2 protein chains.
Amino acid sequence: MTTAEQTYDVIVLGAGSTGENVADIATRGGLSTVLVESELVGGECSYWACMPSKALLRGSEALAQARAVSGAAAAVTGEQDVAATLDRRDGFTSHWDDAGQAQWVDSAGITLVRGHGRLAGEKRVVVAQDDGTELVLLARHAVAVCTGSRGAVPPVEGLADVQPWTPREATSAKEAPGRLLVLGGGYVGSEMATAWQQLGSSVTLLQRGSRLLPALEPAAGEAVEASLREMGVDVRLGSEVRSARREDGGDVVLTTADGEFRGDEVLVATGRAANTDEIGLDTVGLEPSRYLDVDESLQVPGVPWLYGVGDVNGRQQLTHMGKYQARQAGAAIVARARDEQVDLADWSPFVATADRRATPSVVFTDPQVAAVGLTAAQAADAGVPHRVVEYPIGSIAGASLFADGYAGTAIAVVDTEREVLLGVTFVGSGVAELLHSATIAVVGEVPISRLWHAVPSYPTISEIWLRLLETYRG
Amino acid sequence: MTTAEQTYDVIVLGAGSTGENVADIATRGGLSTVLVESELVGGECSYWACMPSKALLRGSEALAQARAVSGAAAAVTGEQDVAATLDRRDGFTSHWDDAGQAQWVDSAGITLVRGHGRLAGEKRVVVAQDDGTELVLLARHAVAVCTGSRGAVPPVEGLADVQPWTPREATSAKEAPGRLLVLGGGYVGSEMATAWQQLGSSVTLLQRGSRLLPALEPAAGEAVEASLREMGVDVRLGSEVRSARREDGGDVVLTTADGEFRGDEVLVATGRAANTDEIGLDTVGLEPSRYLDVDESLQVPGVPWLYGVGDVNGRQQLTHMGKYQARQAGAAIVARARDEQVDLADWSPFVATADRRATPSVVFTDPQVAAVGLTAAQAADAGVPHRVVEYPIGSIAGASLFADGYAGTAIAVVDTEREVLLGVTFVGSGVAELLHSATIAVVGEVPISRLWHAVPSYPTISEIWLRLLETYRG
């Protein structure tokens, strides 16, 4: 086997959006950077997560919104063209071809190595290249592990053997299955149940816990549950799967205490696992198969040249937070390479403070759920003195103009000592773009007294802000 | 004539949304309050402006958004039901019946007097009541003039005689005119041209200046002009009307240097005038027929018991800004009645700082225009050191998911000395709800360095924020 050796300032393992951003920041900072990828450049988000899932959901959303306006509804006399929607989804994944992204990497001045990379001691990565040769990479300054995570199949008897869908198959399926079983009622399960039910499948959603979207405000999961039921999804809460089998006829059968559930396919969306099994962590004294422990600058404690950025550290498994961490870690890598001071105080350019304080997320169900910062439960757990204010979005003029019978809720958690927002949740049709107002308010720690001067334009749904402030004032 | 006399702490002239809010704040502050209204309680916005205009526009918007998503487009095979849209509009105006609003006034503990009120010396208002009797109202603390403004007809030969539509007739028309002439390309003219063209009229829009929406960033007017032309509106820029006449057959004919334009109706949307002609301003030493001059707490200089709130002061003629001024002026009235200190510093609870620094507005055209704070031209005029950054919204993943071929622009004006935002403009489909993020950033004076921690959720259109920051960083 031919073995070549190359030295770079920075080695980045994994060319998902997180790895791309670390490499980009390092390169812009004047560091030579190599990016190692064994699958598609662009990663999970581009091909098997955010992009295809939202493309599957958007057509149904646009139609539901038009149907919700009398006058407009009369024009929606046909059905969604599912084949065209799947084609559109394929376009958004570039038909699972990463040529465009590879071209961007090249244009950004980053070296791309295609193959499987694993650490082999300090600042050393060995890549089994796709062409069969081996390449040894040496890092002058840093190695950033951005290998992400994957859908994990829980240890349920027989489940792994039925060839279940992971989020990858759920977002890339070539047609709607007749009957789809969905295991797990987090955001992936809720979104995919919504998408495929709307595209023609009969979906059964099995959730072990007592509500959907358990990490969010209870009102969110309740609203999504009600709407899933209304669109015909069979939602089963408190439903634990004991075993799974695939019958000769092709049916997947899941057995629970409530009986058996049958489907053509089963999506397992119960959690994720870190891609840290086969990247040589043991060669630098770390334990494989676990999320990487990192500090606020995404540096691995005790291994100062090593960073764990994005899903792989388990802090916040969201594309935008991976990219955020990438910007912060990238800045820290560049500064340390220059022997510059790296300020680890909250909100400095080198730390990912928003991971703890202001992580935004949008669940693209119908209604959408858009949340940032702490929920009421999290504020209580953290022992922060707070008050929760809630207001129905449907009574906002802009919402009733947006859709007849608009139903939605806004929940704000206010720090009563500092008089700033700790978190905000919006539940309702089309609330995704409202979220950034809350994110800026939380991150900016804008005092409530100042927020009164931030006047929402009439008649937009954003006028919910005024009602929340009035409700807080009492 | 019977004349009764009543004394209240506060007299509010005009029960539009501004007057309602002044009265509400005063009442909550423990002051007895009387509200005088000669037309419908709820005012312009509820019956002849924001509400009906947005109801006329929303159906077309929802359909355009569905048609812009391949897959969904296939389902939009019919036409908008114009009669149903007009019915929906009628519902939003409560069929021009103010019983619901009058009930709210009553439930808020405010006394409502129906009739025409005019000042008659210090703290004294005489109301010619609708029942023919006269009522003298005396104010212990304050009189707030909230009489608003009206569409003004410019002094063009013959124009007043053709019985032109003002914004009132344009928003309340019972059917789409066959041919509609629109005079004025500000936000009313642009919105109404959009609405009626989409509802079946053939619209000709005559704008005296060289672009539409002249108060906003040039990109806004350019985008709206292009889309109006594409939907079939005959847009004429630099077109000054010299005379108007209505012919025997019913046609309205406008004469310009470019020739004659004919229509069934003509909407005059070239500006507004203060409703200060007949409210007895001369009895307290002020000149009628002009906008009321007020200080930052909306108090009339030299007449400390008199306030001018909302459109009537000409500061910012927008419903939400009237309501904002009402909250600030109401707080000042209550504080002064209690002999409490009224802080006139920027952003205090008693002043309308956002009038100058952070007025948001949304033009509900297609594309929408959402803007807050200073434009580049205004920043230059004010001599503030600044930089303008611009980014095409269509290249944001969330925008391309939202609509095929999404076209839009975001423009941010950054104060390069203080490193905060002075203003932001979004142009594009569905950007109305993005605006409040910018409003909070401008009002909160959130430093650019902190805004980097406000992570937009992927894939929302709000990711434009990240691109603006990157563009600013360079």
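By convention in this document, chain letters (A, B, ...) are assigned in the order of the sequence lines, proteins followed by strands, and residues within each chain are numbered from 1. Worth knowing before you read on, the calculation uses all heavy atoms, side chains too, and leaves out hydrogens, waters and symmetry mates. Computed from a predicted structure; not experimentally measured.
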With a 4.5 Å cut-off on side-chain heavy atoms, are [Y] and [X] touching?
X: A/Phe92; Y: A/Asp90; answer: no
X: B/Val372; Y: B/Thr359; answer: no
X: B/Trp347; Y: B/Glu445; answer: yes
X: B/Ser429; Y: B/Tyr406; answer: yes

Quick one: which of [options] has the most heavy-atom pairs under 4.5 Å with chain A, could you say?
options: B/Ala62, B/Ala397, B/Pro349; answer: B/Ala62
options: B/Ala75, B/Gly71, B/Ala72; answer: B/Ala75
options: B/Thr77, B/Val442, B/Thr85, B/Val351; answer: B/Thr77
options: B/Ala438, B/Ala370, B/Ser437, B/Ala441; answer: B/Ser437
options: B/Arg67, B/Arg357, B/Gln328, B/Glu79; answer: B/Glu79
options: B/Ser348, B/Ala83, B/Gly91; answer: B/Ser348

Is [X] close to chain A through its backbone or its side chain, or both, or neither, when contacts mean heavy atoms under 4.5 Å?
X: B/Leu451; answer: side chain
X: B/Asp404; answer: both
X: B/Leu435; answer: side chain
X: B/Phe364; answer: side chain
X: B/Arg473; answer: side chain

With respect to chain B, which residue among [options] yields the maximal number of heavy-atom pairs within a distance under 4.5 Å?
options: A/Val69, A/Leu401, A/Leu57; answer: A/Leu401
options: A/Ser361, A/Ala403, A/Ser400; answer: A/Ser400
options: A/Gly78, A/Gly59, A/Ala74, A/Ser457; answer: A/Ser457
options: A/Val431, A/Leu466, A/Val82, A/Asp87; answer: A/Leu466
options: A/His453, A/Glu61, A/Arg327, A/Met51; answer: A/His453
options: A/Leu318, A/Thr460, A/Thr439, A/Val446; answer: A/Thr460

What part of A/Leu86 gets within 4.5 angstrom of chain B, counting heavy atoms only: side chain, backbone, both, or neither?
neither
If you measure only the distance, is there a donor-acceptor pair under 3.5 Å linking the side chains of B/Glu296 and B/Thr353?
no
Do the side-chain N and O atoms of A/Ser60 and A/Gln80 include a donor-acceptor pair separated by under 3.5 angstrom?
yes
Nearest heavy-atom pair of B/Thr171 and B/Tyr47: which atoms, and what distance?
OG1-O, 4.4 Å
As a quick check of understanding, evaluate salt bridge (Lys or Arg N to Asp or Glu O under 4.0 Å) for B/Arg450 and B/Glu419, giving each step before the final call.
CA-CA 10 Å; B/Arg450 182 63 70 89; B/Glu419 291 266 315; over 6 Å; no
Given the rule in the side chain to side chain donor-acceptor pair (under 3.5 Å) test, do B/Gln325 and B/Gln316 qualify, once you have shown the distances and angles that lead to the verdict?
CA-CA 10 Å; B/Gln325 291 176 11; B/Gln316 295 288 354; over 6 Å; no
Answer yes or no: are there more than 12 heavy-atom neighbours, outside A/Glu175 itself, under 6.0 Å from its atom CD?
no
Check each of B/Glu433, B/His320, B/His436 against A/Ser462 using the side-chain hydrogen bond (donor to acceptor under 3.5 Å, both in side chains) test, and report the only one that passes.
B/Glu433
